[in-house]
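Order of the sequence lines fixes the chain letters, A, B, ..., with proteins taken first and strands second; residue numbering starts at 1 for each chain. Reckoned from all heavy atoms, side chains included, excluding hydrogens, waters and symmetry mates. The model shown is predicted, which means the values in this text are computed figures rather than measured ones.
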Number of protein chains: 2
Amino acid sequence: MARSRSASAAAKPAESAGEQELNRSALLAAAATEFAGHGLRGASLETIARAAGITRAMVYYYFGGREGLYIATLEEAYRGINAAEMALDVERLEPLQAMRKLVEFRIDFYAQNPTFVALVAVENQLEGAYLRQSEVVRDRGTHNLARTRSVLERGQREGAFRKGVDPLDLHQLMVSIGIFNVSNRHTFGLIFGRDLGSESQLARTRRMAAEVVLRYLAP
Amino acid sequence: MARSRSASAAAKPAESAGEQELNRSALLAAAATEFAGHGLRGASLETIARAAGITRAMVYYYFGGREGLYIATLEEAYRGINAAEMALDVERLEPLQAMRKLVEFRIDFYAQNPTFVALVAVENQLEGAYLRQSEVVRDRGTHNLARTRSVLERGQREGAFRKGVDPLDLHQLMVSIGIFNVSNRHTFGLIFGRDLGSESQLARTRRMAAEVVLRYLAP
DNA sequence: GTCTATATATGGATAGAC
DNA sequence: GTCTATCCATATATAGAC
């Protein structure tokens, strides 16, 4: 994870803007792992800096300190997730297939991004205090919800789905299954002997979620 | 939260076993809040001790240190939850009503125990490393799952529920909705403008969950 | 822009007084 | 059983060298 660099390297300015940017993103990458694993207060700036191959002082130089780094990490995480989520297009599928794909995508998506899920858990531990100050937030919700609503309403017009289902209820349902599957996999696995992180279990959860949602929407 | 006690109190032994037990449980109560809010590493022993009205040294005396206190806190939390969950009895209800009650109970239950939900999140952040060592675990899962299975099978025999549903899938579904509703309420609320913590929203989630589960089980 | 050095605080863990 | 005192390690935040 650490970029190789001589331990005894003297003060040596970056030769290019590119290399500076590299330090910044190395810090962000290391910070994501560390904050996700230990929370805002529990994270060690020393560990983050070392993993990024630079010194703690740089955290202050680039981000002003622990909180600044955390906020940047959180926003970066949401930005990356937004971009990936936007890529999914189901407009040309039949409502039933489209909805199934929406569900399955979401289950897989969180499973592939456990660090993001963990960072969201950390931000919830902080009662959303930092996300509250961020503008990256609003767009995110509206786009995902709009897509779900669009598929839902299309299905309702065509008679594939029943009326009277709130799109946000539906979205909440899908996200609940997908997030829990990742965020609580360790305790759930220990208590019930089912490893939610395994490939076979992921397939099982995917199938269960699709069936749940389609039955919830059935006329 | 702190028990009132003169700041300059000299070393004064507890007069009774009861008072010692009081210190121990005061520590556990304070620790639950602090660990739930800041994680294992992020928690401040100083804050915990002060909230309990005693000094940091007592943490070492009673629990041997940070980890010991954390383990005791986690086990205490699970014990309390176990006791409360055991109290629910749905054997004399019709399968449909019984299942509805099972779902609604679970939604309300987590909503009423946010500190427990947060502690579980912390333990997942630690990859279940401490729960793994605890024996309190196994009983817990088996009892809850057994009750769900019992109601499910009863309903299947009577034709109220379809066959081919895995009890653990069903349990996972209910727990997902209930836990997410609490664990991610802050970020969800900020992104979608829906306060999952409010009474009216709790009622909404309760209704949604019941409908989801009963439709999932419908023949 | 990056490092080393430093002050300052806080936490971990124990010893000793009562 | 509880406190105070203390040592040592680690973390925060900044200053100064290059």
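- B:F63 places its CZ atom 13 Å from the P atom of D:dG1, with the value rounded to the nearest Å.
- For the residue pair A:Y130 / A:E75, no side-chain donor-acceptor distance below 3.5 Å is found, with atom types taken as modelled.
- Backbone-only contact: B:R66 has heavy atoms under 4.0 Å from sugar-phosphate atoms and none from a base.
- Considering only side-chain atoms of B:Y60, the nucleotide from D:dA11, D:dA15, C:dT14 that sits closest is C:dT14.
- Along DNA chain D, the nucleotide nearest A:S44 and the nucleotide nearest B:A57 are compared for position; the residue whose nucleotide lies closer to the 5' end is B:A57.
- For B:M58, whose side chain is taken as the heavy atoms from C-beta onward, the closest listed nucleotide among C:dA13, D:dT2, C:dC3 is D:dT2.
- Taking atom CD1 on B:I54 and atom P on D:dT4, their separation rounds to 12 Å, with Å as the unit.
- Within the 4.0 Å cut-off from OP1 or OP2 of C:dT2, not a single side-chain nitrogen or oxygen of A:T55 is found.
- Ring centroids of B:F180 and A:F180 are separated by 6.0 Å or more, keeping the two rings apart.
- When the C1' atom of C:dC3 is taken as reference, atom CG of A:L45 falls 17 Å away, rounded to whole Å.
- Between B:N23 and D:dT2, a side-chain N or O to OP1/OP2 separation shorter than 4.0 Å is present.
- What separates CZ of B:R41 from C1' of C:dG12 is a distance of 14 Å, to the nearest Å.
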Evaluate B:E91 against B:S150 for side chain to side chain donor-acceptor pair (under 3.5 Å), listing each step before the verdict.
CA-CA 8 Å; B:E91 283 304 311; B:S150 153; 3.0 Å; yes

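- With 3.5 Å as the limit, one finds a donor-acceptor pair spanning the side chains of A:Q172 and B:T205.
- Distance from the side chain of B:Y61 is smallest to D:dT2 among C:dT2, D:dT2, C:dG12.
- Checked against a 6.0 Å centroid threshold, the rings of B:Y216 and A:Y216 do not count as neighbours.
- C:dG11 atom P lies 10 Å from atom CD1 of B:I48, rounded to whole Å.
- One interatomic measurement links the two molecules: CZ of B:R56 to P of D:dC3, which rounds to 12 Å at whole-angstrom precision.
- Projected onto DNA chain D by closest heavy-atom contact, A:E46 and A:G64 fall at different nucleotides, the more 5' of which corresponds to A:E46.
- As rounded to whole Å, 11 Å separates atom P of C:dG11 from atom NE2 of B:H38.
- When the P atom of C:dG1 is taken as reference, atom CD of A:E21 falls 11 Å away, rounded to whole Å.
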